Amino acid sequence: MSAYRDEDPRIHDIKTRIRIMFQDITTLLLNPKAFKDTIDLFVERYKGKNISVVAGIEARGFIFGPPIALAIGAKFVPLRKPRKLPGEVISEKYILEYGRDCLEMHVGAVKSGERALVVDDLIATGGTLCAAMNLLERAGAEVVECACVIELPDLKGRERLNGKPFQATMP
Amino acid sequence: MFAAENGLKGDPRLQGISEAIRVVPHFPKPGIMFQDITTLLLDHKAFKDTVDIFVDRYRDMDISVVAGVEARGFMFGPAIALAIGAKFVPLRKPRKLPGEVISEAYELEYGTDCLEVHVGAVEPGERAIVIDDLVATGGTLSAAIRLLERSEAEVVECACVIGLREVKGQCRLNGKPLYILVEPRQIENCC
């Protein structure tokens, strides 16, 4: 499901502020109203759904995740590149177009049975989101949905998510 | 300057924020007592209080730019920007920003690093604050200030959750005011 298919009137202004060639969300962040609308769209969707964890993927997921977490009363859990988190971590490797990468989460950040969202700015192939979901599920959380501002539909990232619901603000 | 010495003396929120921070000894190397703010982010009340204290301070200061230093500055800056109606400008490590950038090098203990900002993100005359989780030597924040000043912004203040010993007693960095919520936790008073 995507917000854009429902033609929410705020979508147009958000779309026009993203530099399409590079999918550069930094220009969205320069417009306070459009940035706030982006967050509000997610908050409206997830508030009151008993979600206690918002996990954000380094680094652009750190820009969108915390405001959502604060507004819905959830904790924010950063999912980071290797060797950035100081405490004991669990790691999940994933495949890139060329080579591999790895995502880490602190042990104990998430408790078994918690309901979680994963947030990133963009989904391409879905590899990073998949690794993020695996980390949360290994910690015993239930991933309720993956939420991104942008989807690149031609890369079919949704299909990598093993049937987990996915929400994008725009294509 | 520390918040407790500047209008927030005895504010119970500061104690909650301090207690929510975890100390990880010998990270990233022996002798360093790392101040881990990820535990603060797990405590919704303490995280919200952190953001609220900064928002209360900056909302009436006519700030139009909140610049956050990658990556932990990204965890605090956007929420502050949204609440005060300012834009959020990420200051990033090299080769992360896709558009045209200006770069500022700064000294590390061993070697140098570099911070970048998009050309045009900040307009001349804008009033800006810089946010990061922690200030130690001030090298990174100084580079951030220089980037914003090269963009012709006026840096009103630098704000950090935690301020290390080196900055205690200094309330300015590059001539710019520093606003800090808490001192580092010691391992003895933790857990």
Side-chain angles (χ1 to χ4, degrees), chain A residues 17 19 21-40 43 52-81 83-89 104-111 114 121, chain B residues 20 22-28 32-52 64-68 70-93 96-99 101 117-118 120-123 126:
Chain A
R17 298 185 189 283
R19 263 183 231 169
M21 268 209 302
F22 298 105
Q23 304 299 327
D24 177 16
I25 50 90
T26 65
T27 41
L28 171 64
L29 309 175
L30 298 182
N31 184 285
K33 182 186 186 306
F35 183 22
K36 183 176 186 303
D37 285 344
T38 307
I39 300 300
D40 286 350
V43 171
S52 57
V53 175
V54 173
I57 298 178
E58 171 159 17
R60 289 182 290 261
F62 294 176
I63 295 173
F64 296 96
I68 296 168
L70 286 165
I72 70 173
K75 44 178 146 171
F76 178 69
V77 175
L79 304 181
R80 297 210 67 175
K81 296 286 162 73
R83 296 172 297 281
K84 301 291 183 81
L85 292 170
E88 192 190 352
V89 297
E104 295 186 338
M105 180 173 76
H106 268 147
V107 167
V110 171
K111 300 192 174 24
E114 293 206 79
D121 63 323
Chain B
R22 169 172 73 161
V23 179
V24 181
H26 311 302
F27 182 88
I32 302 212
M33 296 301 180
F34 189 86
Q35 304 289 312
D36 179 18
I37 50 92
T38 67
T39 43
L40 171 65
L41 308 174
L42 297 179
D43 180 331
H44 180 263
K45 180 184 185 313
F47 185 20
K48 186 172 185 307
D49 286 343
T50 305
V51 171
D52 286 348
S64 59
V65 173
V66 174
E70 169 164 19
R72 289 184 290 264
F74 291 6
M75 299 178 198
F76 297 94
I80 298 167
L82 286 162
I84 68 173
K87 37 178 148 167
F88 178 70
V89 174
L91 305 180
R92 296 210 68 175
K93 295 287 164 72
K96 300 291 183 79
L97 292 170
V101 297
V117 73
H118 268 148
V122 174
E123 285 163 37
E126 292 208 81

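Reminder, nothing fancy here: chain letters follow the sequence lines and each chain counts from 1. Here the structure is a predicted model, which means the values were calculated and not measured.
Ranked by heavy-atom pairs shorter than 4.5 Å toward chain B, the options Pro32(A), Pro86(A), Pro66(A) are led by Pro86(A). Ranked by non-hydrogen atom pairs under 4.5 Å with chain A, the options Leu42(B), Ile80(B), Asp43(B), Leu97(B) are led by Leu42(B). Residue with the most contacts toward chain A among Lys45(B), Arg92(B), Glu70(B): Arg92(B) (heavy-atom pairs, distance under 4.5 Å).
Nearest heavy-atom pair across Met75(B) and Pro78(A) is CE-CB, 3.9 Å. When every heavy atom of Pro67(A) is checked against every heavy atom of Ala79(B), the shortest pair comes out as CG-N, 4.1 Å. Between Pro78(B) and Phe35(A), the shortest heavy-atom contact is CB-CZ, 3.8 Å. Across every non-hydrogen atom of His44(B) and Gly73(A), the tightest pair is NE2-CA, 3.4 Å.
For Ala121(B), the parts lying under 4.5 angstrom from a heavy atom of chain A are both the backbone and the side chain. Residue Phe27(B) touches chain A through its side chain alone, counting heavy-atom pairs closer than 4.5 Å. Val65(B) does not touch chain A: none of its heavy atoms, backbone or side chain, sits under 4.5 Å away. Proximity to chain B is limited to the side chain of Arg60(A), based on heavy atoms less than 4.5 angstrom apart. Contacts of Ile84(B) with chain A are absent, with no heavy-atom separation under 4.5 Å from either backbone or side chain.
One finds the CG atom of Asp24(A) at 5.0 Å from the NE2 atom of His118(B) (value rounded to the nearest 0.5 Å). In this structure, the separation between CZ on Phe62(A) and CZ on Arg72(B) is 9.5 Å, given to the nearest 0.5 Å. A distance of 11.5 Å separates CG in Leu41(B) from NZ in Lys75(A), rounded to the nearest 0.5 Å. The CG atom of Leu40(B) sits 12.0 Å away from atom CZ of Phe76(A), with the distance rounded to the nearest 0.5 Å. To the nearest 0.5 Å, the span separating OG1 on Thr38(B) from NZ on Lys84(A) amounts to 14.0 Å. Separation of atoms CG (Leu70(A)) and CZ (Phe47(B)) is listed at 4.5 Å; rounding is to 0.5 Å.
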> Given the rule in the side-chain contact (heavy atoms from CB on, under 4.5 Å) test, do Leu29(A) and Val89(B) qualify, once you have shown the distances and angles that lead to the verdict?
Replying inline: CA-CA 7 Å; Leu29(A) 309 175; Val89(B) 174; over 6 Å; no
